[in-house]
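Down below is the structure, laid out as structure tokens.
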Amino acid sequence: MSALQHGRCLCGAVTIEAVLAPEMGACFCDMCTRWSGSAMIGVDAEAETVTVRGPVKTYRSSPFAERAWCDTCGSNLWIRDDGKQYELMPGLFPNAGGARLTHVVYADRAPEGWNYAGEITRISATDYEKANPFVSEGDMP
Ligand SMILES: [Zn+2]
Ligand SMILES: [Zn+2]
């Protein structure tokens, strides 16, 4: 799964080329749920493989991260920790680049009627913040 994938936003103004990781993760934290309108699913891509063209806007949602969208159609594009790898929205790419959903973080924050079933690793808010001490759901501006 190391081929270059070609993605685009809804209107086509933004195009993204990237080598996508084979695994996707969903996040039910308050920020990701509000921003995406659902559970945000992201797929990692190393920054050096990512080429972005088009009108992109960004919002600093955390002291350490930004979220990006197409300025024309509003499609969500990525969340990215400063200078680090992209977590791209898999829906921009045909068949999500072939990636599989393998894990859910903030899994204990998922609404009762709205979660993912199946063989997925589920990580609670407490465990996730323990493993990533710089992250806090309370970082909302
Ligand atoms: Zn667009
Ligand atoms: Zn999140």
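One-based numbering, in listed order, for ligands and for the atoms of each. Every value quoted in this text rests on a predicted model; they were computed, and no experiment measured them. Excluded from the calculations below are hydrogen atoms, water molecules and symmetry mates; all remaining heavy atoms, backbone and side chain alike, are included.
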Using modelled atom types only, decide if a donor and an acceptor are shared between the side chain of [X] and the backbone of [Y] within a distance under 3.5 Å.
{"X": "Thr49", "Y": "Val19", "answer": "yes"}
{"X": "Asp108", "Y": "Ala125", "answer": "yes"}
{"X": "Asn132", "Y": "Tyr128", "answer": "yes"}
{"X": "Ser62", "Y": "Phe64", "answer": "no"}

**Asked** Any chain of hydrophobic side-chain contacts (each under 4.5 Å) joining Leu10 to Trp78?
**Response** no

**Request:** Go through the side-chain N and O atoms of Tyr86 and Arg80 and say whether any donor and acceptor fall under 3.5 Å apart.
**Result:** yes

**Asked** Can you tell me if Ser61 and Arg67 form a side-chain donor-acceptor pair at under 3.5 Å?
**Response** yes

**Prompt:** Using 30° and 60° as the class limits, which term best fits the ring planes of Trp114 and Phe28: parallel, tilted or perpendicular?
**Reply:** perpendicular

**Message:** Keeping to distances under 2.8 Å, can you name the protein N/O/S atoms close to the Zn ion (ligand 2)?
**Reply:** Cys27 SG, Cys29 SG, Cys32 SG

**Residue and atom, protein N/O/S, under 2.8 Å of the Zn ion (ligand 1)** = Cys9 SG, Cys11 SG, Cys70 SG, Cys73 SG

**Prompt:** So does Asp82 pair up with Arg60, basic N to acidic O under 4.0 Å?
**Reply:** yes

